[in-house]
Amino acid sequence: MPGSGLILAIESSCDETAAAIVARGSRSLASVVASQIDIHAQYGGVVPELASREHLRAIVPVVRAALAQAGATLADLDALAVTSGPGLAGALLVGIAYAKGLAFATGLPLVAVNHLEGHIHAVLLNEREAHEGHSDKEEEPALALVVSGGHTHLYLASPVNETWRYRLVGRTLDDAAGEAYDKVAKLLGLGYPGGPWIDALARHGNPHAVPFTFAQIKQKAHLAGRPPRTKAARTAPIASLDPHFLLSFSGIKTAVLRYAELHGLRTAAEARHKALFGGAVAPAHPAIDDALAVTNQQTLDLIASFQHAVVGDLMKKTFTAAESLGVRRILITGGVAANSELRARFIAEANRRRVHVLFPTLKLSTDNAAMIAAAAWPKFVAKEFAPPELSAEPSLALGI
Ligand code: KG4
Ligand code: ZN
């Protein structure tokens, strides 16, 4: 029945078609995710045209499954929500067109949600569920690290009245951390997405074997008046950010490649790929025992060292930013937040510094629609509805 605060959300920004129903942004009744990983794994990355086609195929069954899981009908809903960006234009458009059609047919209001804000609300949704609807900690500002295949961004998230305001504090200048995981896995002959493979194999290597370092990004490199020619410069005013909170992951990916070439590990990587996948479809879940059987210790040490360095740099930038902003709550979210070493080391360091670090459940770490429904709730309460001309915004930024 309307009035119980049910929002049906749709997410289709990348390679997951998802629908969820969440009550008042704090109780998840259904969350359905149709993954396209098997399709894209054959190409070692997301193919935008295939993603759009698969979203078209999946969207109706996924929405139906969410309604069935919640035991609800369209007549029970109070609003609809949809991801409007950032993401792949064609993929976003499938979700937006469907949501607009449904809004028109049902007369329900539609809320547009930024995918990055969704990731932040994945953590807040977990927290509200744990505290049965409300968490007094939410009154406090938090530092949010969104770390996924497309983003590595630090935001100061502050509750203002009933909604949230965001300020971009730091970000990667080039590759996202998840992108580095995916590229390193690919060059070592492992599967896609690379994160889960590297996460599992890193446990068998020596993290101190290869001393990868991250250079401090220099002030003048991005404050010289002309913006650097990087992806980041095209989508955000990075010149105004403190260089201590800027990150870069394309260098370590190249360093891993050089190391592998120099130590003759590349031929073995090709053989590994053949042994694991035999030219056929890669398994959706990492076949770790099979991978261990065809991976020598030097490669395992390289994998462990890569992960150790990436997690170390994420920690350094995040904790320094939290300290400088005087924030005592850190939210870590996005696909890479599923990483076991990252979770363990962030928790240990947070305990040492007596600050709180919060992660979403593993299910809510990667793309899903429950986080979109949760982020939509305060906007629904504030009557911030999407305009009728809502369209996909592939480079949509979050906050100021
Ligand atoms: O949030 P997400 O599902 O999609 C994007 O919005 O990008 O994140 C996907 C990314 C991929 O790059 C994948 O390799 C990475 O998250 N990932 C991981 C792990 N699980 C997924 N990275 C490190 N460790 C993991 N366990
Ligand atoms: Zn995402």
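Below, all heavy atoms of this structure are taken into account, side chains as well, without hydrogens, waters or symmetry copies. Atoms within each ligand, like the ligands themselves, are counted from 1 in listed order. Predicted model, so just to flag it, every value in this text is computed and none were measured.
Remark: Q297 CD is packed, more than 12 non-hydrogen atoms of other residues, nucleotides or ligands lying under 6.0 Å away. Heavy atoms of other residues, nucleotides or ligands lying less than 6.0 angstrom from CD of E261 number more than 12. More than 12 heavy-atom neighbours from other residues, nucleotides or ligands sit within 6.0 angstrom of CZ on R343. Around CZ of R64, the count of heavy atoms belonging to other residues, nucleotides or ligands within 6.0 Å does not exceed 12.
Close approach of ligand 1 to Y181 (heavy-atom distance below 4.0 Å) involves ligand atoms 23 (C). Each of the atoms 5 (C), 7 (O), 8 (O), 9 (C), 10 (C), 12 (O) of ligand 1 lies under 4.0 Å from some heavy atom of G149. Atoms of ligand 1 found under 4.0 Å from any heavy atom of G194, numbered from 1 in the order shown, are 14 (O). Near P193, the atoms of ligand 1 lying under 4.0 angstrom from a non-hydrogen atom of the residue are 13 (C), 14 (O).
Within the 4.0 Å heavy-atom criterion, the part of D199 lying near ligand 1 is the side chain and not the backbone. Using a 4.0 Å cut-off between heavy atoms, D182 contacts ligand 1 through its side chain alone, with no backbone atom that close. Neither the backbone nor the side chain of H151 has a heavy atom within less than 4.0 Å of ligand 1.
Taking atom 24 (N) of ligand 1 as the reference point, the nearest protein heavy-atom neighbour is N339 ND2, 3.0 Å. Considering only non-hydrogen protein atoms, atom 22 (N) of ligand 1 sits nearest to G195 CA, 3.3 Å.
Nearest to atom 5 (C) of ligand 1 by heavy atom, out of G335, A338, S148, S340, is S148.
Side-chain atoms of D175 do not come within 3.5 Å of backbone N or O of A180 as any donor-acceptor pair. A donor-acceptor pair under 3.5 Å links the side-chain atoms of T73 to the main chain of A75, judged by distance alone.
Side-chain contact check for L108 versus L102: every heavy-atom pair is 4.5 Å or farther apart.
Ring to ring, Y181 and F249 are not that close: their centroids are 6.0 angstrom or more apart.
The shortest heavy-atom distance from Q307 to ligand 1 is not under 4.0 Å.
Distances between N or O atoms of G178 and those of ligand 1 include at least one value under 3.5 Å. Any N or O atom pair closer than 3.5 Å counts here, and D367 shares at least one such pair with ligand 1.
Residue H119: an N/O/S atom is found under 2.8 Å from the Zn ion (ligand 2). At least one N/O/S atom of H115, from backbone or side chain, sits under 2.8 Å from the Zn ion (ligand 2).
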**Asked** Could you go step by step and tell me if L331 and L358 meet the side chain to side chain contact (heavy atoms under 4.5 Å, CB included) rule?
**Response** CA-CA 5 Å; L331 317 178; L358 297 160; 3.7 Å; yes
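Ion pairing between a basic and an acidic side chain is recognised when a charged N comes within 4.0 Å of a carboxylate O; K186 and D182 show no such pairing.
Nearest N, O or S atom of D367 to the Zn ion (ligand 2): atom OD1.
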